[in-house]
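Scroll down for the structure; my scribbles are underneath it.
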Amino acid sequence: MYEGAIQDLIDELGRLPGVGPKSAQRIAFHVLSADPTDVKRLAQALQRVKELVRFCTRCFNVAEAELCRICRDPRRSDEVFCVVEEPKDVVAIERTGEFRGRYHVLGGAINPLEGIGPDNLRIRELMSRLADGTCKELILATDPNTEGEATATYLALLVKPMGLNVTRLASGLPVGGDLEYADEITLGRAFEGRRAV
Ligand SMILES: [Zn+2]
């Protein structure tokens with residue numbers, strides 16, 4: 001244990017996801033010995049992300065304007081929506097280059113143990129986007145784990161009366177895993193081989 005500012009920094013870093021006590025200590029000492037301009041840039045990047053980044057009012061991806069880059073792109077198809085849990089999943093799917101439609105970011109998955117139900121996700125917003133009938137296919141690209149499957153099943157039943165073509169990514173994705181950890185070839189294949197639900 002250290003005193004004062006260095007311990008405060010270790011404590012703050014240790015609260016970040018994926019940063020254990022040893023990493024927190026290593027990063028803190030790296031910051032201590034780093035060039036002051038580099039540290040200033042890091043501090044500014046942390047502040048700017050909170051000031052500038054917001055969520056797209058249409059799809060809830062991260063954005064720096066009212067609409068995100070993908071929603072603003074007129075070349076993308078309005079007839080296919082890909083439903084994902086988090087903005088990082090949008091990045092993972094974009095990397096495959098397989099998808100040219102629009103996204104809808106739910107903001108998580110149904111997880112009764114953590115008290116997350118359909119009302120806590122952007123499902124109502126999805127339903128209002130689908131209401132005008134432009135979208136013909138809904139790809140459910142939630143994570144291949146229990147919560148992701150439960151969310152996909154829930155959505156499939158919910159939109160069934162709308163007569164949409166509802167698909168789920170093909171198997172081959174690591175079961176129990178997280179979409180963002182799938183390599184782009186596997187994820188690309190899962191896209192091509194998506195099946196109706
Ligand atoms: Zn958007």
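Using modelled atom types and a 3.5 Å distance limit, the side chains of Arg129 and Thr134 yield no donor-acceptor pair.
The side-chain heavy atoms of Met127 and Val159, taken from C-beta on, include a pair separated by under 4.5 Å. A heavy-atom distance below 4.5 Å is not found between the side chains of Asn111 and Thr146.
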Going through the distances and angles, do Arg122 and Val105 end up as a side-chain contact (heavy atoms from CB on, under 4.5 Å)?
CA-CA 7 Å; Arg122 308 274 192 204; Val105 182; over 6 Å; no

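Heavy atoms from other residues, nucleotides or ligands lying under 6.0 Å from NZ of Lys88 number more than 12. Counting heavy atoms of neighbouring residues, nucleotides and ligands inside a 6.0 Å radius, atom NZ of Lys40 does not exceed 12 of them.
Using a 4.0 Å cut-off between charged side-chain N and carboxylate O, Arg15 and Glu12 make a salt bridge. Salt-bridge check for Glu98 with Arg194: failed, with every basic side-chain N at 4.0 Å or more from each acidic carboxylate O.
Across Arg75, Arg76, Arg69, a single residue satisfies side chain to side chain donor-acceptor pair (under 3.5 Å) together with Asp73, and that is Arg75.
At least one donor-acceptor pair under 3.5 Å links the side chain of Ser33 to the backbone N or O of Phe29. Proximity of a side-chain donor or acceptor of Lys136 to a complementary backbone N or O of Gly133 within less than 3.5 Å is detected. Judged by distance alone, with hydrogens and angles left aside, the side-chain atoms of Thr142 form no donor-acceptor pair with the main-chain N or O of Glu85 at under 3.5 Å.
The line from CG of Leu121 to CG of Leu155 is 8.5 Å long, rounded to the nearest 0.5 Å. The distance from the CG atom of Leu140 to the OG1 atom of Thr167 is 6.5 Å, given to the nearest 0.5 Å. Interatomic distance, Leu164 CG to Ile139 CD1, rounded to the nearest 0.5 Å: 11.5 Å. In this structure, Glu79 CD and Leu138 CG are separated by 13.5 Å, a value rounded to the nearest 0.5 Å. Put simply, CG on Leu13 and NE2 on His30 are 11.0 Å apart, with the number rounded to the nearest 0.5 Å.
In this structure, the side chain to side chain contact (heavy atoms under 4.5 Å, CB included) partners of Gln7, at least two apart in sequence or on a different chain, are Met1, Tyr2, Ile10, Asp11.
For residues 33-73, the set of pairs meeting the ring-ring contact (aromatic ring centres under 6.0 Å, His included) definition, not counting sequence neighbours, comprises Phe60-His104. Screening residues 117-164 for ring-ring contact (aromatic ring centres under 6.0 Å, His included), with sequence neighbours left out, gives no hits.
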